[in-house]
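Order of the sequence lines fixes the chain letters, A, B, ..., with proteins taken first and strands second; residue numbering starts at 1 for each chain. Hydrogens, waters and symmetry mates are skipped; everything else that's a heavy atom, side chains included, is used.
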Amino acid sequence: MQTIVQTVARTLAEEMQRDERVVVMGEDVGKRGGVFLATEGLFDKFGPDRVMDTPLSEAAIIGAAVGMAVHGLRPVAEIQFADYVFPGFDQLVSQAAKLRYRSGGTFNAPMVVRMPAGGGVKGGHHHSQNPETHFVHTPGLKVVYPSTPSDTKGLLKTAIRDEDPVVFMEPKRLYRAIKEEVPDDPDFTVPLGKAKIRQTGDDLVLISYGGSMAETAKAAEELAKQQISAEVIDLRSLMPWDKETVLERVARLGRVVLVSESPYTLNFMSEVSACICEEILDSLLAPPLRVTGFDTPYPYAQDREYLPGPNRILRAVQKVLEY
Amino acid sequence: MQTIVQTVARTLAEEMQRDERVVVMGEDVGKRGGVFLATEGLFDKFGPDRVMDTPLSEAAIIGAAVGMAVHGLRPVAEIQFADYVFPGFDQLVSQAAKLRYRSGGTFNAPMVVRMPAGGGVKGGHHHSQNPETHFVHTPGLKVVYPSTPSDTKGLLKTAIRDEDPVVFMEPKRLYRAIKEEVPDDPDFTVPLGKAKIRQTGDDLVLISYGGSMAETAKAAEELAKQQISAEVIDLRSLMPWDKETVLERVARLGRVVLVSESPYTLNFMSEVSACICEEILDSLLAPPLRVTGFDTPYPYAQDREYLPGPNRILRAVQKVLEY
Amino acid sequence: MIADKQNFSPFNEEPISLISQAGEWTAPFACDLKDEQLKTMYQQMLAARLMDERFIKLQRSGKMSFVAPHSGHEAAQIAAAHAVRVGTDWLFPYYRDYGMTYALGEPLIEIFAQVTGSRLDTAKARQMPMHPSSKELNIFTGASAIASHIPPAVGAAISMKIRETGQVVLTSFGDGATSEGDFHAAINYAGAQGAPVVFLCENNRLAISVDFNKQTGAENIAIKAKAYGMPGYLVDGMDVLACYYVLQECVENARAGLGPSLVEAQVQRFGAHSSADDDSIYRSKEELEQMRQRDPLLRMRRFLENQGLWSERDENLFKKEILGEFQAIIDTLAEAEKVPLEWMFDDVYAEMLPHIAEQKKDFLG
Amino acid sequence: MIADKQNFSPFNEEPISLISQAGEWTAPFACDLKDEQLKTMYQQMLAARLMDERFIKLQRSGKMSFVAPHSGHEAAQIAAAHAVRVGTDWLFPYYRDYGMTYALGEPLIEIFAQVTGSRLDTAKARQMPMHPSSKELNIFTGASAIASHIPPAVGAAISMKIRETGQVVLTSFGDGATSEGDFHAAINYAGAQGAPVVFLCENNRLAISVDFNKQTGAENIAIKAKAYGMPGYLVDGMDVLACYYVLQECVENARAGLGPSLVEAQVQRFGAHSSADDDSIYRSKEELEQMRQRDPLLRMRRFLENQGLWSERDENLFKKEILGEFQAIIDTLAEAEKVPLEWMFDDVYAEMLPHIAEQKKDFLG
Ligand SMILES: Cc1ncc(C[n+]2csc(CCOP(=O)(O)OP(=O)(O)O)c2C)c(N)n1
Ligand SMILES: Cc1ncc(C[n+]2csc(CCOP(=O)(O)OP(=O)(O)O)c2C)c(N)n1
Ligand SMILES: [Mg+2]
Ligand SMILES: [Mg+2]
């Protein structure tokens with residue numbers, strides 16, 4: 001039984017064991033083991049050359065990771081909070097994402113940028129954001145956002161072994177909230193771009209990913225009590241995302257609620273919603289509804305209320321069912 | 001008769017004349033008059049204290065603009081190409097956008113960040129991008145993207161007079177492509193958040209903004225030749241955007257094609273499409289179709305082909321009409 | 001090294017220090033501060049220390065979600081507040097600077113309201129604890145993103161310069177902050193423009209757990225001023241008077257049109273990085289004990305005692321008074337109403353945009 | 001100032017120069033380069049100059065969309081190529097560096113294919129002109145965003161260090177680039193890590209139209225090395241041998257584990273910033289004429305002539321030969337097929353993702 005954050009540390013250790021090109025870098029990832037302990041134990045095991053504390057600069061972290069990757073390492077860089085990716089955003093967008101393309105495929109950067117994301121931890125607007133829209137809209141990046149320990153293991157391994165830059169978002173409010181058995185197999189991987197059907201159902205589809213899976217699951221439980229059977233899909237991977245599964249499952253039931261906690265406008269679910277309407281309009285029995293964060297900066301005092309919680313999800317479900 | 005780029009320079013001059021708090025800053029905006037001449041003549045007229053060449057740092061430009069605005073100036077900062085906003089992106093997202101909110105309304109930053117955007121000028125991936133998604137998804141920013149000289153005047157004035165940070169995108173491939181009479185009135189303004197119906201029609205609605213308005217207009221002409229009557233809407237303003245007009249017009253005709261040249265996934269039109277489906281599903285006679293750039297970095301050799309040109313628009317129209 | 005208090009020499013190799021550990025005045029010029037101001041400085045240092053301790057208690061009892069203690073930084077912070085003109089000059093502080101803003105005059109009720117996320121917070125409880133701010137006192141509301149307040153600080157200074165307002169900006173940050181691109185972009189711009197701004201680095205040689213020598217290859221922070229064409233001063237950050245005299249000279253130089261300066265105050269972080277940190281993982285008890293020998297409060301207290309300006313009795317009286325003030329404030333805050341839910345939707349823009357109004361309505365019913 | 005060619009002193013106030021305008025060797029040590037290498041250096045400078053002129057013609061005739069001429073930068077660029085070990089060390093150049101990559105061995109056909117956006121471009125015509133690149137020669141493919149290649153350069157150097165490969169990185173950039181946060185973040189990281197990297201600033205004192213004194217308050221670029229704990233050298237960038245000896249020493253120091261260095265080559269930009277620029281708006285003809293007196297080609301040619309290594313005849317023969325080569329290449333390129341439309345969709349990822357495949361299919365029918 002292990003938590004998500006423990007799984008991150010153990011998976012990193014396994015991958016560093018397997019492949020000596022894998023190195024870990026970031027602010028406080030060394031002796032400190034990361035401010036969330038996501039790199040705990042690695043410094044002692046692998047030493048300062050493979051577990052590198054960096055200066056306080058996200059541009060240096062992401063940019064240097066690009067150079068390391070190009071030179072043959074497989075860096076896994078930590079951004080301490082997803083909110084702090086922005087000082088290094090140009091390195092992600094202009095360097096990492098476009099390197100393979102602009103070099104005609106002669107150079108590439110196999111690297112992972114890990115970052116804890118999401119609200120509900122009383123962190124205010126710089127320890128709560130979910131910037132996945134910015135990554136997903138940047139061709140050349142892959143984007144992953146698991147919600148369980150097992151998926152964390154499988155997807156992190158896949159990300160590290162991938163030949164392209166992968167942004168690996170971690171649901172920080174679930175870091176220690178869930179424990180589960182995680183497969184032992186050191187080669188247990190989960191493919192990018194495959195959603196997971198967490199629960200099958202007959203009345204409507206609930207789709208979410210990352211931290212919001214917790215609230216979505218709670219809503220589904222609540223619905224079960226009301227004899228409403230929801231199918232629950234965890235996207236897990238946002239670029240590529242599993243359009244095929246989504247379209248197939250939504251077409252079957254005709255009703256869908258989309259849950260994701262970043263601001264509403266151009267939330268990742270805007271894309272999912274648009275695709276559903278464009279591709280399977282005639283199967284829809286009700287408009288897809290998005291339940292998301294608000295179009296405000298992330299507040300402090302209303303830390304929980306900002307999140308699309310079970311109540312808001314249930315209201316959307318009701319609307320969709322009564323349409 | 002004047003072009004868009006001339007209008008920018010003249011509007012800036014008028015506003016600087018009107019309000020001595022308005023200052024212009026950026027790379028090469030001084031003696032050089034800007035690499036596109038969008039600040040031509042200002043240095044001679046207003047001197048180095050109000051038309052400031054900055055060091056080569058977008059973080060310095062945007063960040064200093066925030067401080068100037070807080071201290072009482074009304075800075076209009078130029079980012080030489082929209083593609084170069086990313087080194088200064090954190091200043092926009094963490095400082096400018098969230099200042100009013102995080103200070104409980106005690107501080108605010110009335111500032112404009114101008115930037116030429118868009119492809120079709122043989123600029124490769126760093127002189128062609130359309131990063132509006134990144135801005136629109138950031139609560140606290142307003143985002144404007146005109147396509148004509150008159151709208152440029154009216155919207156730029158409104159932006160400068162606004163109490164909040166406004167990202168002002170300029171369609172660089174149209175800078176000199178269109179000439180028109182522009183109202184003389186020094187107080188001619190265009191409100192943010194109001195779309196313009198460029199052409200009314202009966203068969204379907206075409207919606208676009210910025211540089212892509214040119215291709216959209218061409219497509220509409222072509223359709224007219226085929227006796228297909230398209231209504232053409234120019235959004236002009238993306239945050240806030242004119243949902244009301246869009247929903248009303250689309251509901252009336254039931255068919256819509258959305259044109260915008262940034263990459264497909266989480267293109268601004270994803271939001272428009274999602275909103276249309278959620279709000280007026282039952283009025284739709286066909287799924288809304290998006291015609292956009294591809295999910296690749298902006299190419300060089302295929303500079304024109306990347307753009308959603310008239311042919312691609314017409315194919316989408318055909319699909320929508322035949323649905 | 002120090003010719004004249006009006007003229008410290010930049011790029012000094014030994015940190016400027018004016019009082020000895022034993023509290024003796026060692027400078028080649030006379031201390032011209034009034035007794036009252038000297039006492040006030042010490043009282044503010046003491047109040048700041050007690051505030052820190054109170055914050056930690058509040059955090060442990062669940063009344064604050066987070067604290068980043070400033071113990072060990074008091075000398076630099078209180079000196080900074082005395083070096084500027086209150087109400088005229090502008091501060092752009094960082095999260096560890098409640099000592100500074102308190103000494104500048106930020107009311108305790110406002111401070112405690114902010115750190116407890118109260119309805120009485122002037123910033124509407126929009127940020128996590130440790131974000132000082134005051135419109136009246138020209139204290140800019142920072143963001144948590146390290147170094148991101150420095151470009152705005154420089155922009156404000158440029159505005160002061162081109163409009164000849166006679167104001168000065170003082171902005172502070174840690175050693176870790178100097179690695180960020182924003183620090184560089186901003187200080188470089190200030191240097192090129194000769195903007196009236198003083199950059200104060202509170203160098204505790206740690207960024208959370210990361211040691212100074214992993215942060216930069218430079219021998220110290222002050223020398224970085226060379227990269228920007230401005231003077232850089234190395235100051236003993238445990239000596240409130242050294243910090244004061246150097247900062248005050250830099251502030252007045254800036255006001256006089258002589259441009260920006262960089263001051264490195266060598267301080268110590270007595271506590272963990274924050275309530276979310278466990279510093280025993282990366283530093284030893286012995287290290288910490290050694291640091292505490294150099295406590296800035298001890299030194300200033302000895303100085304005052306040597307002059308007959310302070311006694312055990314004064315110490316106890318002042319402590320009692322300030323702790324009483326804290327308690328009264330905490331009681332007041334306990335009675336404040338909850339932060340209204342609807343505040344979540346305000347202040348995104350000057351006027352609420354329609355889509356936010358819709359979201360608000362939809363949420364609140 | 002110069003004790004020994006093995007040991008230049010950093011933070012020199014006058015730029016290091018080894019040959020006089022008249023082409024005399026003025027250094028206190030002997031020039032130990034072989035005649036052949038000296039001649040090669042000059043030939044490469046000349047070829048680079050002619051290439052520049054050819055580019056401008058190609059641009060004017062519509063065969064190139066853009067050019068950023070390097071005339072005036074040849075000495076620094078060619079010296080850099082000679083200072084590193086070809087095929088071992090890595091270059092992270094910037095857009096104005098075709099002189100450097102040519103001298104390193106980038107085949108002319110590849111260069112011309114890149115700048116004309118030809119099907120024969122090894123980077124598949126994905127970028128606008130002025131983006132040198134070669135996987136074989138370890139020349140990193142830069143992006144147009146100024147200074148954004150410097151953090152990757154440092155990352156590669158750290159990789160070299162921790163894996164003890166004995167390689168060195170040389171990265172170059174303009175004076176404007178030093179204002180970007182990325183420059184700072186990267187060079188600071190390199191300093192803290194002692195990474196084997198040489199930072200070469202080709203300082204032409206202009207960033208498009210912006211003058212050096214608006215760019216920074218620092219007296220020069222070399223001194224910025226102090227901020228990062230590494231040596232900084234000021235070099236006469238019109239003197240190819242001065243550039244060579246200093247860079248070579250820095251490269252070998254890096255290889256020997258002595259860490260990074262910053263070299264400022266004071267060059268001149270003879271042309272406009274680019275074909276999109278009109279420099280008559282911001283500088284005078286006289287300024288330009290004065291600059292051209294210090295042409296780096298003239299100086300090196302005189303040096304060679306003084307040694308009897310070069311003549312008018314050699315000059316003419318070489319020019320003819322190289323221009324012939326250019327023409328042959330241009331003819332070859334004229335016959336190349338168009339860049340395939342479908343290339344637009346490749347290389348976004350190692351394997352094409354389904355949604356891109358769909359977009360491709362939809363577009364190509
Ligand atoms: C851009 C950014 N990156 C990372 C962090 C997380 N973080 C908060 S404080 C801190 C260390 C700051 O160290 P320093 O600047 O030396 O200040 P000190 O805390 O020592 O006073 C870090 C890494 C942040 N707040 N912002
Ligand atoms: C991040 C970024 N901002 C702006 C530009 C536009 N730009 C291209 S070259 C240039 C000037 C560069 O000057 P410098 O670094 O001195 O190099 P030089 O051209 O003088 O060799 C500018 C501003 C850019 N390419 N990237
Ligand atoms: Mg510190
Ligand atoms: Mg230059």
Side-chain angles (χ1 to χ4, degrees), chain B residues 26-37 40 43 48 52-61 63 80-81 83-88 90-91 121-128 263-265 291-306 308-309 311-312 315-316 319, chain D residues 64-66 117-119 121 123-131 143-148 174-184 207-211 214-216 273-274 276-279 281-283 338-348 353 355-356 358-360 362-363 365:
Chain B
E27 296 154 12
D28 304 289
V29 299
K31 239 188 196 175
R32 181 68 182 80
V35 295
F36 288 103
L37 300 179
E40 196 178 18
F43 183 84
M52 297 179 263
D53 273 336
T54 63
L56 208 174
S57 163
E58 290 72 17
I61 295 170
Q80 206 160 77
F81 286 84
D83 318 68
Y84 300 135
V85 74
F86 297 116
D90 189 54
Q91 283 298 318
V121 298
K122 273 281 182 188
H125 23 294
H126 285 93
H127 302 86
S128 306
Y264 179 84
T265 301
V291 188
T292 71
F294 300 111
D295 280 320
T296 72
Y298 205 103
Y300 174 74
Q302 305 83 358
D303 182 50
R304 277 281 162 184
E305 290 83 357
Y306 180 88
N311 285 342
R312 287 174 58 209
R315 275 176 49 203
K319 273 196 208 162
Chain D
M64 275 171 68
S65 63
F66 174 86
S118 157
R119 193 193 207 288
D121 175 18
K124 298 194 187 155
R126 289 266 169 65
Q127 294 214 80
M128 61 185 295
M130 304 288 111
H131 287 77
S144 316
I146 298 284
S148 69
D175 47 312
T178 67
S179 296
E180 284 283 3
D182 278 1
F183 162 77
H184 172 75
I208 306 187
S209 72
V210 179
D211 204 77
K214 292 239 177 77
Q215 200 58 248
T216 182
H273 170 73
S274 74
D277 184 32
D278 171 6
D279 58 340
I281 299 177
Y282 55 85
R283 63 177 179 179
K338 262 189 59 128
V339 179
L341 214 50
E342 61 268 28
W343 279 11
M344 174 156 55
F345 300 96
D346 297 338
D347 301 318
V348 185
L353 294 184
H355 67 293
I356 300 179
E358 214 180 286
Q359 291 172 15
K360 178 176 173 181
D362 189 54
F363 179 61

- Task: Please round to the nearest 0.5 Å and tell me the distance separating atom CD of B/E305 and atom CH2 of D/W343.
- Result: 14.0 Å
- Task: Find the one option among D/I146, D/V348, D/L341 whose heavy-atom pairs under 4.5 Å with chain B are most numerous.
- Result: D/L341
- Message: Quick check on D/I356 against chain B: is it the side chain, the backbone, both or neither that has a heavy atom closer than 4.5 Å?
- Response: side chain
- Message: Given 3.5 Å as the limit, does a donor-acceptor pair link the side chain of B/E58 with the main chain of D/E180, or not?
- Response: no
- Message: So, applying side chain to side chain contact (heavy atoms under 4.5 Å, CB included) with D/S209, which one of B/R32, B/E27, B/K31 is it?
- Response: B/R32
- Per-residue contact mode, B/E40 against chain D (heavy atom under 4.5 angstrom): neither
- Any salt bridge between D/D362 and B/R315, counting N to O under 4.0 Å? yes
- So, the part of D/A145 with a heavy atom under 4.5 Å from chain B: the answer is both
- Query: Mind checking whether D/H273 and B/D28 have side chains closer than 4.5 Å, heavy atoms only?
  - Reply: no
- Item | D/A143 to B/H126 - nearest heavy-atom pair and separation | CB-CE1, 3.5 Å
- Message: I'd like to verify something: which residue of B/D83, B/D303, B/V121, B/L56 has the highest number of heavy-atom pairs under 4.5 Å with chain D?
- Response: B/L56
- Message: Just so I know, are the side chains of D/F66 and B/K122 near enough to count as touching, which here means a heavy-atom distance under 4.5 Å?
- Response: no
- Message: Holding to salt bridge (charged side-chain N to carboxylate O under 4.0 Å, His left out), I want the full list of residues that pass it with D/E342, two or more places apart in sequence or in another chain.
- Response: none
- Would you indicate whether the side-chain heavy atoms of D/M128 and B/H125 approach each other to under 4.5 Å? no
- Message: Is D/F363 in contact with chain B via its backbone, its side chain, both, or neither, using a 4.5 Å heavy-atom distance?
- Response: both
- Item | Residue part contacting chain B, namely of D/D182, when any heavy atom lies under 4.5 Å | neither
- Is it the side chain or the backbone of D/A147 that comes within 4.5 Å of chain B heavy atoms, both, or neither? neither
- With a 4.5 angstrom heavy-atom cut-off, which part of B/T54 approaches chain D: side chain, backbone, both or neither? backbone
- chain D heavy atoms under 4.5 Å from B/F294: which part of the residue, side chain, backbone, both or neither? both
- Would a 4.5 Å heavy-atom cut-off, applied to side chains only, mark D/D277 and B/V35 as touching? no
- Item | Proximity breakdown for B/F36 and chain D, heavy-atom pairs closer than 4.5 Å | neither
- Message: Give me the atom names and distance for the closest heavy-atom approach of B/S57 to D/S179.
- Response: CB-O, 3.4 Å
- Message: Heavy-atom pairs under 4.5 Å with chain B - which of D/I208, D/D278, D/D279 has more of them than the others?
- Response: D/I208
- Are B/Y300 and D/S65 side-chain neighbours, meaning at least one heavy-atom pair lies under 4.5 Å? yes
- Identify which one of B/T296, B/D295, B/T265 satisfies the side chain to side chain donor-acceptor pair (under 3.5 Å) criterion when paired with D/Q359. B/D295
